[in-house]
Number of protein chains: 2
Amino acid sequence: MVHSFDIEDDGGADEAPQGGRIRQRNKARIIAAAEKVFAERGYDGATTAEIAEIAGLAKSNVHYYFGTKEAIYREVVAGIVDLWLKAFGEITAEDDPATAISAYIRQKLLYSRKRPLASRIFATEIIRGAPILRPFLEVDLRDWVEAKAKVLALWAAQGRMDAVSPHHFFFMIWAATQTYADFASQISAVLGHKRLREADFEQAIATVTAIVLKGCGIKA
Amino acid sequence: MVHSFDIEDDGGADEAPQGGRIRQRNKARIIAAAEKVFAERGYDGATTAEIAEIAGLAKSNVHYYFGTKEAIYREVVAGIVDLWLKAFGEITAEDDPATAISAYIRQKLLYSRKRPLASRIFATEIIRGAPILRPFLEVDLRDWVEAKAKVLALWAAQGRMDAVSPHHFFFMIWAATQTYADFASQISAVLGHKRLREADFEQAIATVTAIVLKGCGIKA
DNA sequence: CGAAAACCTAACCAGTTGGACAATTTTTCT
DNA sequence: AGAAAAATTGTCCAACTGGTTAGGTTTTCG
C-alpha cells in the first residue's frame, strides 16, 4: 500500500480505529460533517462551529477529539487518499487493454458519483498547491504512473494500442472523470438538469470510454 | 456576445474603462493582485489586507475603489468570463472538423498556460456551486453548447465524425485542458518537474488532440 | 492661481473564529 | 458501589477581518 507517505499521525497499525465506541462514533461523525463543510466552504471558509453543529456536538467537543481544525482537515484528506488508491484499480500487462482501461474509467467515474465531496476536497487541495498532499503526489502517485507507463509502453510495443504519452493519457482520464464531481454544477447547468442523474453518468462513461479507447487505438 | 448575462455593475458601454489615469491604474493593480490572492487562498481565505499589500496600496484605499471584497471578486470573475468567451473561439459548420477542434483544444490549453490563476478561480467558483456564475452557465454557456451541438450533429450526419454526445464531448475537452492549470501542482509532481514547461504543454496539446480527433473519428 | 474633485491613509470598530479551560456529567472497570 | 477515565459543555479570549471615518494630500481644470 502506501509506504513512503503517511498522512495520519499514528505510526502504528493501519487498521482498526482506536478508542471506545463513543470515541469511534463521534470521530466518524465529525469526519463526515467536516467532509461536507470543507467541500462546500473550502478550508478557510469552513468553521469548526459548523462542523460541530452538523456532527451534532458542541464545538468544544470537536476540539476535544481533534485538537485543531487543521488536524480534522488532515484526517479528511488522508481518508480521501485511501479512496484514490482503491479507485486506482489494477492495470497490469497481463490485462486486456480495452477491459482494463474501460474498468478504470468506469471506476473513476462512479467514484465521482458516489463521493463527490471527497473529490471536491481533493481538487481544492490540489488547486491550493497541494500543501498537504505534495509528498503523496511526488512519491506514491508518481511511482504508480511510472509503473503504469511501462504497461502502456508494452501494450504499444505489442501493437495493442498506439504509443501515446502515458502521463498525459492518465492526466486526461483523471480530468475527464473528476470533472463530473468537481464541475457538477457547471455540467448540470449546461445539461439543464438540476442534479446529475444516473443516466448522465452512464452517458459520460460511454462517451469518455469510447473516445479514449478509439483515440488510443485500443482494439476491443 | 453576452446578452443575457452581465456580471459587471455598469449597465453602460462595455468598453473603455472609466475614470482618470490613477483610478484606472490602481483598479488594474488591485484586480491583478486580487486574482493572485483569490487563486491561491480561495474566496474565504483571501484577505483584503493581502490584496492591498500586493497591489502596493493601503487597505483603506482598496476599499475606496471597490466597496467590498465581494465586489472585487465579482469583477475578477467577470474578467475571467470574458476570457472564456474569447477562448471559445469559433466552431462553425463550414469549418473543417479537424482544424476547428484542433485549434479549439490548442487555444484552451494555451489559455491554461498563460492564465492559470484565472483558470483556478473559475474552477473554485464552480466547485463552490457557482454562486456568481450560475446565470452565465445556465444561459450563455448552455446556449453556446447547444449551438455547437448542432454543428457536431451535422458533421456526424455528413460522416465527417462519429456521433458522440456533444455535451460530454465538450465536458471532456474542457476538463482535459483546464486540468493543466487547475491541477498543475499534481501534474508537475507526477512529471517530476518543478514547474510545467513549454514542452509539457506542447506534449499535452499533441496527446489530447490526437486522442480526441481519432477517438471521434475525425479525419485529418 | 485656486477651488473642487479625486485620492490616500492612520486609527478605529464590531463581528467572527479557533482554541483554551475548568467544571460537570457520563461511562467504564474493578 | 465507587473510583478512575472519558466525554461534554458553557464561558472566555486573543487574533484577525471586513469595513468605516475623518482628516489630510494630490490632481485636475477653469
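Chain naming here is simple, since letters A, B, ... match the order of the sequence lines and numbering starts at 1 in each.
Spacing between atom OH of B:Y73 and atom P of D:dG19 amounts to 15 Å, rounded to whole angstrom units. Rounded to whole angstrom, the span from the CD1 atom of B:I30 across to the P atom of C:dT9 amounts to 11 Å. Between A:F66 atom CZ and C:dT17 atom P there is a gap of 20 Å when expressed in whole angstrom units.
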Point to revise | Steps toward ring-ring contact (aromatic ring centres under 6.0 Å, His included) verdict (A:F170, A:W144) | key: CA-CA 11 Å; A:F170 281 110; A:W144 186 90; 5.1 Å; yes
Practice item. Step by step, work out the side-chain contact (heavy atoms from CB on, under 4.5 Å) result for A:Y180 and A:D200. Key: CA-CA 9 Å; A:Y180 287 91; A:D200 295 326; over 6 Å; no
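Within the 4.5 Å cutoff, the side chain of A:Q203 has no heavy atoms near those of the A:E198 side chain. At a threshold of 4.5 Å between non-hydrogen side-chain atoms, the residues A:N26 and A:Y64 do not count as touching. For the pair B:F38 and B:K69, the minimum side-chain heavy-atom distance is below 4.5 Å.
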Practice item. Assign a letter to each nucleotide of nucleotides 6-14 of chain D from its 5' end: B, base within under 4.0 Å of a protein heavy atom; S, sugar-phosphate only; -, no contact. Key: SBBBB----
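Here the SG-CD1 distance, from B:C216 to B:I101, works out to 8.0 Å after rounding to the nearest 0.5 Å.
Under the 4.0 Å criterion applied to side-chain N and carboxylate O atoms, B:R134 and B:E125 are not assigned as salt-bridge partners. Using a 4.0 Å cut-off between charged nitrogen and carboxylate oxygen, B:E40 and B:R120 do not count as a salt-bridge pair. A salt bridge links B:E70 with B:R74; the closest basic N to acidic carboxylate O contact falls under 4.0 Å.
Between the side chain of A:K148 and the backbone N or O of A:P166 there is no donor-acceptor pair closer than 3.5 Å.
Aromatic pair B:W174/A:F183: ring centres not closer than 6.0 Å.
If you check C:dT28, C:dG18, D:dG19 against the side chain of A:H63, the one that comes closest is C:dG18.
For the contact set between residues 39-53 of chain A and DNA chain D, defined by any heavy atom under 4.0 Å, there are no members.
Over its full length, the helix from C:dC1-D:dG30 to C:dT30-D:dA1 turns its helical axis through 20°, comparing axes from the five pairs at each end and rounding to 10°.
At the phosphate of C:dA6, neither OP1 nor OP2 sits under 4.0 Å from any side-chain N or O atom of B:R21.
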